[in-house]
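Just below is one structure, and these are the notes that go with it.
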Amino acid sequence: GSEGFIQHPLIRGGKVRARSYQVNISLTALKESTLVVLPTGLGKTVIALLVAAEKLRASEGVCVVLAPTRLLVEQHYNFFKDCMRIDPALLALWTGETPVAKRVFTDYRLVFATPQLFRNEALKGNVQLSRVILIVFDEAHRAKGNYAYITIAQRYASECPSPLMLGLTASPGSRREDIETLMRNLGMRSLEFRTRSDSDVTPYVKRIEYHLVPVPLSPLVKEARSLIQGFINDQISRALKAFPWEKRPSNFTEITEMINAIKDRPFLDKPELVDALKNLARARYLMIALERLDLLGPKYFLQFISRIVERTRKPGSPKYLSQIITDKRILDAVELLRLQKDNAKLLKLIELSKKELESGVKRIIVFVSYRAASKDIVKELSSVWGLKVTRLVGQASKIGDRGQSQKEQDEVLSRFKKAEFNVLVATQVGEEGLDISSSDTIIFYDNTPSGIRFVQRVGRTGRNAPGKVYILYFQDTRDEQYLWIARRRERKMMEEMKMIQRENESRKGSNYALTKFIPSDEASEGKVSIIVDNRESACPVVNELARLGVKITFNQLDVGDYVLSERVCVERK
């Protein structure tokens, strides 16, 4: 493009800057179905736009853009409408609110939808997949289990003579098999990924500065922590005496594995095994409590323990619980933590936020894993002069804490962008795909061991200005371990992708397709058709039937869930 802008008959001039890596990736993605992995903020949507524009120019048919939430779908729809030289009436935005009469697929060239809705339209036969020239899967890492993306990709691949799919994500997972499964689920043939440090990317990104902020534990908390850890270790050791296990379990998942192994034993009438189960259950309970202490501070541990106390007061509560709260070590730990009046991490957060705003930063996002803590943080920060704080949480409501509808989330974000607020406290909902580009500084209040979430969070800054990321952690606790685990997983993800990419290159040399071993099917005319009750639409059975090539019609059935013929009806139990 001239003067650094993309020039294309279907893209408005002066709208989209030409970045070499985006153009290079788009060229690959036009050749075959491709999974694109790019750090958040490097413009994955632009790649979708370039590929879609070229497909629309070169061929008849419809492009489909899918994203997991209504918010994201609308974001894409507006972006494409803004950038493309194409009659806006040819772009359709399908959400649950779109009247069925408006969902006439062939009226459009571009359809934007959530996966569940699009899948149901396809299963009902309202979407002619053979006429689709491109499907874009945004946040493609969602394609696991029975997620609608998978059904759509499989149906599309089987119904369209030359399918083309484009997957976009910042984080396909850190294990080799996760990345390969994802590519297999979506029928992706090549993998294109870039990091912020790749030579064709560096000219376009600003540096992100990382600051690790260790928060030392007070002597009181240290002492309490070792009492709790002592209790956990003791419970585990007792269980191991009764039930030898190859490896001493050290976290929630490992304890759960051991519990299941004991439960699978045919002779559970041995009293020592029943005791071992109780020991492990206690240890596991306290591990959750300890995680609260390690990530968020004493208050949340005490809340957890007081919930256990309340449960034990109810008649018929399990005995093993009351043994937690009568144990001397736990009682002592509770006493010590009650003496700890202030939360060192919260104080650090307040100090940092003030310092950043005084240095001229306009907006700060604080990420926190627990919803309950986000509420308290907002309360504490709001009492500080100069901080205008709001919060972004998911749609589910928790006890004493109502969730936010998508409309409310929208509202919060637009007010944050307009700088009516200068601090946004976000739980997980802020990590995926929402365009919170306007923040200059990000603070992780706690850490998560998930490499995916780490990458998502970091991408929220450094889009337009040099970004700063502060990572707070309590020293020598889970909080610190999680931080290193997440960074290690992020590195591993990069290494795995390099290997897959290299192997793909060498595989393209040899063109073996399994299809040539499959006899061609002459009898495809008499396609099986099944009528399915509306309520079953989200059920994995429907996915499986669709994968097998069944024609599906949804209906309000008075009896049964699946009607196979005039004489056969199936009720699923």
Side-chain angles (χ1 to χ4, degrees), residues 215 217-232 235 251-252 255 281-314 317-318 320-350 366-383 389 391-394 396-404 425-429 444-449 472-474 477-482:
V215 179
L217 292 183
S218 74
L220 287 172
V221 178
K222 263 191 181 148
E223 177 64 15
R225 225 186 149 268
S226 62
L227 285 167
I228 300 161
Q229 194 61 62
F231 177 81
I232 294 177
Q235 298 295 322
N251 59 32
F252 189 90
I255 290 187
R282 277 180 222 128
R284 189 168 64 170
Y285 246 99
L286 273 172
M287 270 189 176
I288 304 172
L290 185 61
E291 183 179 85
R292 302 283 155 95
L293 177 64
D294 279 357
L295 267 57
L296 302 164
K299 173 179 172 184
Y300 302 90
F301 175 82
L302 294 171
Q303 279 174 355
F304 193 88
I305 295 293
S306 67
R307 255 185 254 137
I308 297 182
V309 173
E310 272 162 43
R311 272 191 63 187
T312 55
R313 294 210 175 108
K314 292 190 182 128
S317 89
Y320 71 86
L321 276 182
S322 52
Q323 274 170 317
I324 293 180
I325 48 170
T326 48
D327 187 274
K328 180 150 174 13
R329 285 163 297 190
I330 300 303
L331 291 172
D332 289 348
V334 166
E335 283 313 305
L336 288 166
L337 293 173
R338 283 206 178 116
L339 296 172
Q340 180 67 38
K341 282 292 170 263
D342 54 5
N343 180 338
K345 202 192 252 185
L346 199 50
L347 297 176
K348 194 77 190 164
L349 175 67
I350 293 172
V366 180
F367 280 110
V368 56
S369 303
Y370 292 98
R371 177 91 151 253
S374 76
K375 204 172 172 180
D376 293 336
I377 291 173
V378 171
K379 203 174 109 203
E380 291 296 327
L381 286 175
S382 300
S383 62
V389 191
R391 121 187 147 117
L392 183 69
V393 296
S397 290
K398 302 270 162 66
I399 302 161
D401 185 6
R402 212 174 55 75
Q404 288 174 337
V425 177
T427 53
Q428 245 172 309
V429 69
F444 289 7
Y445 187 73
D446 54 20
N447 290 286
T448 137
L472 299 180
Y473 61 91
F474 279 126
T477 65
R478 304 276 156 99
D479 204 8
E480 182 170 357
Q481 288 165 13
Y482 287 169

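All residue numbers refer to positions in the sequence shown, counting from 1. The model shown is predicted, which means the values in this text are computed figures rather than measured ones. The basis for the numbers below is simple: all heavy atoms, side chains too, and nothing from hydrogens, waters or symmetry mates.
- Here CG of L302 is found 8.5 Å from CG of L293. Values are rounded to the nearest 0.5 Å.
- Atom CG of L349 and atom CD1 of I377 lie 6.0 Å apart (nearest 0.5 Å).
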- Message: I'd like to know whether D479 forms a side chain to side chain contact (heavy atoms under 4.5 Å, CB included) with V215, so could you lay out the CA-CA distance, the side-chain angles of the two residues, the decisive distance to 0.1 Å, and finally the verdict.
- Response: CA-CA 10 Å; D479 204 8; V215 179; over 6 Å; no
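- Atom CZ in F231 sits 12.5 Å away from atom CG in D332 (nearest 0.5 Å).
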- Message: Using side chain to side chain contact (heavy atoms under 4.5 Å, CB included), reason through F474 and V221 one step at a time and then give a plain yes or no.
- Response: CA-CA 11 Å; F474 279 126; V221 178; over 6 Å; no
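- Classification of R282 and D327 as a salt-bridged pair fails, no side-chain N sitting under 4.0 Å from a carboxylate O.
- Separating the CD1 atom in I288 from the OH atom in Y285 is a distance of 7.0 Å, to the nearest 0.5 Å.
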- Message: Applying side chain to side chain contact (heavy atoms under 4.5 Å, CB included) to Y370 and T427, what does each step give before you reach the verdict?
- Response: CA-CA 7 Å; Y370 292 98; T427 53; over 6 Å; no
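- Between Q235 and L286, every side-chain heavy-atom pair lies at or beyond the 4.5 Å cut-off.
- In terms of modelled atom types and a separation under 3.5 Å, the side chain of R478 and the main chain of L295 share no donor-acceptor contact.
- Side-chain contact between L472 and K348 is present, with at least one heavy-atom pair separated by less than 4.5 Å.
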- Message: One pair to check against side chain to side chain contact (heavy atoms under 4.5 Å, CB included): L296 and V368. What are the steps and the verdict?
- Response: CA-CA 9 Å; L296 302 164; V368 56; 4.1 Å; yes
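- A pairwise comparison of heavy atoms in G230 and R329 identifies O-NH1, 3.7 Å as the closest pair.
- Remark: side-chain polar atoms of Q229 are not paired, donor with acceptor, to backbone N or O of L290 under 3.5 angstrom.
- Between the CD1 atom of I330 and the CD1 atom of I305 there is a distance of 6.0 Å, given to the nearest 0.5 Å.
- Using modelled atom types, no side-chain atom of N447 and backbone atom of Q481 make a donor-acceptor pair closer than 3.5 Å.
- Residue D376 is tested with R371, R391, K299 for a salt bridge (charged side-chain N to carboxylate O under 4.0 Å, His left out); the sole match is K299.
- The main-chain N or O of Y445 is found under 3.5 Å from a side-chain atom of K345 such that the two form a donor-acceptor pair.
- Panel note: side chain Q404, backbone V393; a donor-acceptor pair is recorded below 3.5 Å.
- Of all the heavy atoms in S317 and R311, the pair that sits closest is CB-O, 3.1 Å.
- Across all their heavy atoms, F304 and A289 have their closest contact at CD2-CB, 3.4 Å.
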- Query: What do the steps show when you test D294 against R225 for salt bridge (charged side-chain N to carboxylate O under 4.0 Å, His left out), and what is the final call?
  - Reply: CA-CA 9 Å; D294 279 357; R225 225 186 149 268; 2.7 Å; yes
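- With rounding to the nearest 0.5 Å, the separation of CD1 in I232 from CD1 in I228 is 7.5 Å.
- Side-chain N or O atoms of E335 include none that pairs as donor or acceptor with a backbone N or O of L337 at under 3.5 Å.
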